[in-house]
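Structure first, commentary second.
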Amino acid sequence: MSIENLDASNLALIDAEIPVIIGDGVGPEIWAATEPILTKAAALSGKKLAFFEILAGEKAFKETGSHLPEQSLEAIKKSRIALKGPLATPVGKGIRSLNVAIRQKLDLYACVRPVKWIEGVPSPVKNPSHVDMILFRENTEDVYQGLEWAASSEQAQDLINYVKQRFNVYVRPNSAIGLKPMSEFGSKRLVRMALKWALKEKRTSLTLVHKGNIMKFTEGAFRTWGYELADQEFPGLTVAESEAAQGDTRLIVKDRIADNMFMQSLLRPAEYSVLAMPNLNGDYLSDCLAGQIGGLGMAPGANISDEMAVFEATHGTAPKYVGLDKVNPSSLILSGAFMLRYLGWNEAAELIHQALKRAFAESIYTYDLARQAGCVEPVKCSEFGRAVFDRLS
């Protein structure tokens with residue numbers, strides 16, 4: 001399948017049985033609130049939707065001895081689609097991120113994050129309605145490839161000695177060392193996906209976000225390869241910002257330095273539509289934009305390749321809230337709606353969005369949104385899920 005069919009018409013089904021990783025921490029709580037909403041919305045639109053659990057994370061380790069069993073990866077490959085809750089990853093020790101591992105093992109090379117404000121959701125900015133972007137973040141390269149070695153390790157010292165002897169570059173002794181690989185192949189396939197989506201959805205612009213003024217041969221190359229790809233593969237459909245005339249109807253391809261893009265996202269968000277960027281920039285910017293529409297609890301996401309897609313809650317496991325029935329399940333609900341659109345079930349997805357709007361219009365908020373709104377008594381996670389469920393029609 002290809003992102004040019006984000007509604008995945010080649011996967012459009014009357015019925016679907018989809019694997020789900022319920023997740024760690026608050027995963028079971030947000031899943032309990034989400035699952036009835038997805039199945040009811042599907043039923044109201046004439047579809048039949050069912051889920052079966054596959055294991056990853058702490059539960060998988062307890063039951064199988066592996067944090068990411070091969071059977072779970074095979075189930076995703078077979079179904080070509082999955083839904084996932086948050087997974088725990090220790091900071092500074094232990095296993096590497098399971099989220100990153102799933103993306104790399106399945107070559108889910110694009111992290112796709114739609115960021116759009118829903119009316120009625122409290123926001124820290126004056127005009128959250130100006131935020132309507134979709135981010136395409138490269139998933140498999142950059143510093144997130146995990147090529148790093150601890151300070152004072154033999155491997156780090158070997159690299160320090162090598163660059164000194166081979167390139168006459170001094171690195172302080174006992175430094176930790178990391179590598180930042182970025183390839184033409186990886187960069188271009190990410191930009192290609194973003195461009196196809198932007199053209200299909202008739203968006204006005206695509207912005208390459210990079211730090212190429214400093215990292216000229218990695219992030220600078222990402223910028224160069226992005227412009228090359230647009231010019232070579234989409235002639236007549238795209239135009240570089242520097243060459244666009246007033247009223248040009250082609251998709252405008254532009255670029256912004258990453259730190260400037262953070263400022264632009266606050267001051268002039270209406271000028272940006274589709275963003276494509278390397279891995280680390282995308283991690284930062286997607287959270288920054290999520291904050292403008294209410295927080296990570298309101299942010300859907302997916303990891304997509306040309307063959308399959310895994311939709312996920314974008315926040316963490318929230319361990320201090322486990323068992324309190326407190327967290328906002330909207331990220332998983334919206335990711336589920338995103339998944340339904342991917343299946344071609346647009347009517348079901350729209351039903352969910354309208355139900356959420358009705359709930360927010362009545363100031364039905366979990367704690368994260370209630371504290372932004374002020375003077376509003378928060379509802380529990382389960383109560384919010386029930387409120388959305390009841391407003392599906």
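Note that this is a predicted model, so its numbers are computed, not measured.
By the 30° and 60° cut-offs, the orientation of the rings of Phe136 relative to Trp197 is tilted.
The aromatic ring centres of Phe222 and His210 sit 6.0 Å or more apart. For an aromatic pair to be called close, the ring centres must be under 6.0 Å apart, and Tyr321 with Tyr367 satisfies this.
The line from CD1 of Ile333 to OG1 of Thr34 is 4.5 Å long, rounded to the nearest 0.5 Å.
Annotation: cation-pi pair Lys40/Phe389 present, NZ/CZ under 6.0 Å from the ring centroid and within 45° of its normal. With a 6.0 Å cutoff to the six-membered ring centre and a 45° limit on the axis angle, Lys254 counts as a cation-pi contact of Tyr272.
No donor-acceptor pair closer than 3.5 Å links the side chain of Asn127 to the backbone N or O of Ser129. Proximity of a side-chain donor or acceptor of Ser286 to a complementary backbone N or O of Asp283 within less than 3.5 Å is detected. A donor-acceptor pair is defined here as one N or O able to donate and one able to accept, closer than 3.5 Å; such a pair exists between the side chain of Glu219 and the backbone of Lys211. Ser72 places a side-chain N or O within donor-acceptor distance of the main-chain N or O of Leu55, the cut-off being under 3.5 Å. Side-chain atoms of Ser331 come within 3.5 Å of backbone N or O of Ala299 as a donor-acceptor pair. Here the side chain of Asp142 pairs a donor or acceptor atom with the backbone of Leu280 at under 3.5 angstrom. When atom types are taken as modelled, the side chain of Asn279 and the backbone of Asn139 share a donor-acceptor pair closer than 3.5 angstrom. A distance-only check finds a donor-acceptor pair linking the side chain of Ser153 to the backbone of Ala150 [under 3.5 Å].
No single ILVMFWY cluster, assembled from side-chain heavy atoms under 4.5 Å apart, contains both Leu267 and Val131. With hydrophobic clusters built from ILVMFWY side chains whose heavy atoms lie under 4.5 angstrom apart, Phe52 shares a cluster with Leu106. The hydrophobic cluster containing Leu159 also contains Val171, counting ILVMFWY residues as joined when their side-chain heavy atoms lie under 4.5 angstrom apart, directly or transitively. Transitive grouping of hydrophobic side chains (ILVMFWY, heavy atoms separated by less than 4.5 Å) brings Val112 and Ile81 into a common cluster. The hydrophobic cluster containing Phe384 also contains Leu392, counting ILVMFWY residues as joined when their side-chain heavy atoms lie under 4.5 angstrom apart, directly or transitively.
In this structure, Trp31 and Pro36 approach most closely via the heavy-atom pair O-CD, 4.4 Å.
Heavy atoms from other residues, nucleotides or ligands lying under 6.0 Å from CZ of Phe217 number 12 at most. More than 12 heavy atoms of other residues, nucleotides or ligands sit less than 6.0 Å from atom NZ of Lys180.
Between Gln157 and Asn161, the side chains place a donor N or O and an acceptor N or O closer than 3.5 Å (distance only, hydrogens not considered). In this model, a donor atom of one side chain and an acceptor atom of the other lie less than 3.5 Å apart for Ser382 and Asp325.
Glu17 has its side chain out of reach of Phe51: every pair of non-hydrogen atoms, C-beta onward, lies at least 4.5 Å apart. Using a 4.5 Å heavy-atom cutoff, the side chains of Leu356 and Leu334 are in contact.
Ion pair Arg341/Glu350 flagged as a salt bridge, since at least one NZ, NE, NH1 or NH2 atom sits closer than 4.0 Å to an Asp/Glu carboxylate oxygen. The pair Arg103-Glu312 counts as a salt bridge, with a side-chain nitrogen and a carboxylate oxygen less than 4.0 angstrom apart.
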